[in-house]
Protein chains: 2
Amino acid sequence: MHIMVDLARHADEGPISLKSVAERQKLSEHYLEQLVPELRKAGLVKSIRGAQGGYVLAKKPENIYIGDVIRVLEGPIAPVECTNQSGEDCCEKTDFCVNREVWVKVRDSINDVVDSISLADLLKDAGNPESEGMNLFEEVD
Amino acid sequence: MHIMVDLARHADEGPISLKSVAERQKLSEHYLEQLVPELRKAGLVKSIRGAQGGYVLAKKPENIYIGDVIRVLEGPIAPVECTNQSGEDCCEKTDFCVNREVWVKVRDSINDVVDSISLADLLKDAGNPESEGMNLFEEVD
DNA sequence: TTTATATCCTACTAAACCAATCGGAATTTG
DNA sequence: CAAATTCCGATTGGTTTAGTAGGATATAAA
């Protein structure tokens, strides 16, 4: 999420190196290197190799939903494993199908939320601290 | 959840031993022994010690919500830790407050779901397999 | 063509969490 | 007293997540 938000925020500056993302987001470059190939394979970012290379969003921030990012990096969003399976495979434990009703509702509700928020929405809500010097959570003193 | 559903289903039979719950739910009695004291401390079940003892629901199934059960056994329901804290403590990572918006919405949506379903709702939806011989997920062949 | 800047790739480590196990003490009924 | 049952503390094994390590490959610019 940090990577994607950072890329969205600097979308007009050409390729963004992981090094600069890591500095701004206070994360290890090596750690980001481990994550970003997944985003690339999933078609969310494009890579430009070599000097002055880096990453750019593959689509406009308006068209990239938080749910896509999460699912790429963490797999299907589900509170329990059996909500990813068809109903028949999951219920050796007698009452689990009763409970499964709950988990399916939870799963759908989570996915509805994350699929309704785009990167553009996030930047809009928060303003752009770096260019405008403001932050939603900044205390006024 | 298995324990609570089982107790709800046998609510009119006096104290229910963990042994019988474990057999019906195909779970280890020892495992349940580890969980149920939390439910007792939280006032969701009452215990009767000694021979012919066991557990009973402390309230009517209509008044016990799934969210209460989950929170007792697993702590606050939150997709990331910082949604349990006030906004100031959580954001050494520059963009985290932007993302926090998402997690707060996810958290609230999950809690809304689990706080809207009672044990009674679950039993009603699923019928009572043991007394009626039916099951939502049973194939017709 | 060399060099610096990047991505790319494959392991490995450390900590936390969850389900489950083990052994035994305390309480109550019959 | 004896059996049934709750109660309690310690431990284990598996999985997941964040993060580290080291080096190979590609490209732009000097």
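Lettering of chains follows the sequences in order, A, B, ..., and the numbering in each one begins at 1.
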(request) Determine yes or no for a side-chain-to-main-chain donor-acceptor pair under 3.5 angstrom, with Asn111(B) supplying the side chain and Ile77(B) the backbone. (result) yes
(message) So, using side-chain hydrogen bond (donor to acceptor under 3.5 Å, both in side chains) as the criterion, who are the partners of Ser118(B) when residues are at least two apart?
(response) Asp121(B)
(request) Return the set of residues passing side-chain hydrogen bond (donor to acceptor under 3.5 Å, both in side chains) with Glu33(B) (not counting sequence neighbours), or none when no residue passes. (result)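 side-chain hydrogen bond (donor to acceptor under 3.5 Å, both in side chains) check on Glu33(B) returns His30(B).
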Whole-Å distance between [N] [atom2] and [X] [atom1]?
{"X": "Leu7(B)", "N": "dT5(D)", "atom1": "CG", "atom2": "C1'", "value": "14 Å"}
{"X": "Leu73(A)", "N": "dT16(D)", "atom1": "CG", "atom2": "P", "value": "16 Å"}
{"X": "Gln34(B)", "N": "dT12(D)", "atom1": "CD", "atom2": "P", "value": "15 Å"}
{"X": "Glu29(B)", "N": "dC8(D)", "atom1": "CD", "atom2": "C1'", "value": "15 Å"}
{"X": "His2(A)", "N": "dG19(D)", "atom1": "NE2", "atom2": "C1'", "value": "14 Å"}
{"X": "Glu38(B)", "N": "dC8(D)", "atom1": "CD", "atom2": "P", "value": "10 Å"}
{"X": "Tyr31(B)", "N": "dG13(D)", "atom1": "OH", "atom2": "C1'", "value": "14 Å"}
{"X": "Leu32(B)", "N": "dC18(C)", "atom1": "CG", "atom2": "C1'", "value": "15 Å"}

(request) Take Lys41(A) and Gly53(A), find for each the nucleotide of DNA chain C with the closest heavy atom, and name the residue whose nucleotide sits nearer the 5' end. (result)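 Nearer the 5' end of the strand: Gly53(A).
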(message) For residues 53-68 of chain A, which residue pairs pass the salt bridge (Lys or Arg N to Asp or Glu O under 4.0 Å) check, not counting sequence neighbours?
(response) Asp68(A)-Arg71(A)
(request) Determine whether Ile117(B) and Ile3(B) fall in the same hydrophobic cluster, where Ile, Leu, Val, Met, Phe, Trp and Tyr are linked whenever their side-chain heavy atoms lie under 4.5 Å apart. (result)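 Linked, Ile117(B) and Ile3(B) end up in one cluster.
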Please check the phosphate of [N] (OP1 and OP2 only) for any side-chain N or O of [X] closer than 4.0 Å.
{"X": "Ser28(A)", "N": "dT20(D)", "answer": "yes"}
{"X": "Ser47(A)", "N": "dA6(C)", "answer": "no"}
{"X": "Tyr55(A)", "N": "dC8(C)", "answer": "yes"}

(request) Please name all residues satisfying side-chain contact (heavy atoms from CB on, under 4.5 Å) with Pro15(A), sequence neighbours left out, ordered by chain then number. (result) Ile48(A)
(request) Tell me, please, which residues at least two apart from Ala8(B) pass side-chain contact (heavy atoms from CB on, under 4.5 Å). (result)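 So Ala8(B) forms a side-chain contact (heavy atoms from CB on, under 4.5 Å) with Leu57(B), Pro61(B), Leu119(B), Leu123(B).
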(message) Return a single string for nucleotides 22-30 of chain C, one symbol per nucleotide in 5' to 3' order, where B is base contact, S is sugar-phosphate-only contact and - is none, cutoff 4.0 angstrom on heavy atoms.
(response) BB--BBBB-
